[in-house]
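Data first, discussion second: the structure below is written as structure tokens.
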2 protein chains.
Amino acid sequence: MYLKAMAELSNHEAVATARLAEHLNVTPVSANEMVRRLSDQGLMIHTPYKGVTLTEKGRTIASNVIRRQRLWECFLYDYLKIEWARLYEMACSLEHATAPEVTEALAVFLGHPTVCPRGNPIPEADGSFTPLNGTTLNAITVGETVTVQAINATATDVLQYLYERRVLPGCTLTVIEAAPLQGPLTLKINEKEIVLGLSLAKFVITKPNPTE
Amino acid sequence: MYLKAMAELSNHEAVATARLAEHLNVTPVSANEMVRRLSDQGLMIHTPYKGVTLTEKGRTIASNVIRRQRLWECFLYDYLKIEWARLYEMACSLEHATAPEVTEALAVFLGHPTVCPRGNPIPEADGSFTPLNGTTLNAITVGETVTVQAINATATDVLQYLYERRVLPGCTLTVIEAAPLQGPLTLKINEKEIVLGLSLAKFVITKPNPTE
DNA sequence: TGAAATAATAAGGTTTGCCTTATAATTATC
DNA sequence: GATAATTATAAGGCAAACCTTATTATTTCA
Ligand SMILES: [Mn+2]
Ligand SMILES: [Mn+2]
Ligand SMILES: [Mn+2]
Ligand SMILES: [Mn+2]
């Protein structure tokens, strides 16, 4: 879980232990303890006051965890019709209980999908994968129209909130207004206007609208 | 796990804590401790020196665990082509991580199967199920020909051993000889003769051969 | 540059599910 | 009916992954 959290949080730069604690719903002290244990195992490197980075070994394991996680998300969504917002949490439980044989057989069964239902890439069996190159929605200029590439959130309530507003991978939206003082964005999706706080907008990865 | 073990071991009579310990690969003392905890929770009843029984509540939970377990076995076998002997262990891990929504969606996806690949019945969502009515192979008279209804084993090595000798649900076999002093059985399966120890034969549930 | 905020450590605790070793109670067997 | 085997309980421990409450170190910023 820590390794996965690391991979989920980091875009190659170091992750603050406080962010890890937050993401994993654990106290900062607990996160620190765990970081120490994983560092001792050679899976991450902790530079005090700077943050945590994965080692090669750690990154490989993390990739495999994410692979399992996202393959399950695909299965749960495409075959079991589990509701979109709960895919992450359910796949997250299954992931821990998945043997390598099952992971690979699942990949074959699913036809080697390359993205999960949240739009995030699925690492290859060898751990390699192309990270998303999109821009987070909070960084989009007012007036621009973009397509949602992925939702980077994992918390069910966040996913549920975005789902209800139809902010989903593949949808096209226009940034109508950005309130001052880091205020919320007003977006147009499917001819409807919605308001989205900046912290939520950070979870939305966008790419330039292909029709433009 | 204890509840499932109970359900797997008991044919309605009490189960000795020593059997539980054995089945779960745990010391008798640990099994006793756990039995106490589960009794405190009202899931089982322990009559010292007599054995353990499930309460209604315990039986319902156990049925659900078994349902999840066997549905996963079906999925792993039919769709992921996992090897027969490892189905139990892999489904056993997944089972712990399976939410009720996933269980039911899986049942729908699989078309509500009634038996698992080992031939054991899959309980309904309400916990009800018809236990097997067959005779264990060790109790079959020499000369009789029977059909294997189910394999009641859970340990991978036992399942592997039976698989290699093609003692599988649906197969037909004849008891050629029973060695004296609780010695092994000689069986004829697919025109081949094999020898099977009595303790292994206990795992094989048979029914009268339909062609006779 | 000196507080205030943030991050790290230290110390001690809890829970769960195991373990060993020892003793006591019951049941089975000769 | 005595002895042996089985079963149960008592007592003390361990490891993992959490927790709280302090204390200390570093960084940030007014
Ligand atoms: Mn997980
Ligand atoms: Mn299990
Ligand atoms: Mn400590
Ligand atoms: Mn104790």
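Numbered from 1 within each chain, the chains take letters A, B, ... in sequence-line order.
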Practice task
Respond yes when some side-chain nitrogen or oxygen of B:Ser30 is under 4.0 Å from OP1 or OP2 of C:dG17, and no when none is.
Solution key: no

Exercise for the section: Classify the side-chain pair A:Glu95/A:Thr98 by whether it contains a donor and acceptor separated by less than 3.5 Å. Expected result: no

Handout entry: Face-on cation placement of A:Arg166 at A:Tyr163 ring, 6.0 Å and 45° thresholds
Key = yes

Handout entry: Between C1' of C:dA7 and CG of A:Leu20, the distance in whole Å
Key = 13 Å

Exercise for the section: Measure from the ring center of A:Phe75 to the ring center of B:Phe75 and say whether it is less than 6.0 Å. Expected result: yes

Write out a two-atom table: protein N or O, nucleotide N or O from nucleotides 5-10 of chain D, distance below 3.5 Å.
| from | atom 1 | to | atom 2 | distance (Å) |
| --- | --- | --- | --- | --- |
| D:dT7 | O2 | B:Tyr49 | OH | 3.4 |
| D:dA8 | OP1 | B:His46 | NE2 | 2.7 |
| D:dA8 | OP1 | B:Tyr49 | N | 3.1 |
| D:dA8 | OP2 | B:Thr17 | OG1 | 2.2 |
| D:dA8 | OP2 | B:Asn32 | OD1 | 3.4 |
| D:dT9 | OP2 | B:Asn32 | ND2 | 3.2 |
| D:dT9 | OP2 | B:Arg36 | NH2 | 3.3 |

Exercise for the section: Check whether more than 12 heavy atoms from other residues, nucleotides or ligands sit under 6.0 Å from atom CD of B:Gln182, and answer yes or no. Expected result: no

Completion exercise
side chain to side chain donor-acceptor pair (under 3.5 Å) with A:Thr156: of A:Glu83, A:Glu89, A:Arg86, only one passes, and it is A:Glu89

Exercise for the section: Please confirm whether A:Tyr79 and B:Tyr79 have ring centers closer than 6.0 angstrom. Expected result: no

Handout entry: Side-chain ion pair, A:Glu124 and A:Arg67, N-O less than 4.0 Å
Key = no

Practice task
Output yes when B:Glu33 and B:Arg36 qualify as a salt bridge under the 4.0 Å nitrogen-oxygen rule, no when they do not.
Solution key: no

Handout entry: Of B:Val26 and A:Glu33, the one whose closest DNA chain C nucleotide lies more 5'
Key = A:Glu33

Practice task
Using a cut-off of strictly less than 4.0 Å between a heavy atom of the residue and any atom of DNA chain D, enumerate the qualifying residues of residues 37-44 of chain B by number.
Solution key: none

Nucleotides 28-30 of chain C: which of its N/O atoms have a protein N/O under 3.5 Å away?
none

Handout entry: Over 12 foreign heavy atoms within 6.0 Å of CZ, A:Phe129
Key = yes

Practice task
Answer yes or no: is there an ion pair linking B:Arg59 with B:Glu56, defined by an N-O contact shorter than 4.0 Å?
Solution key: yes

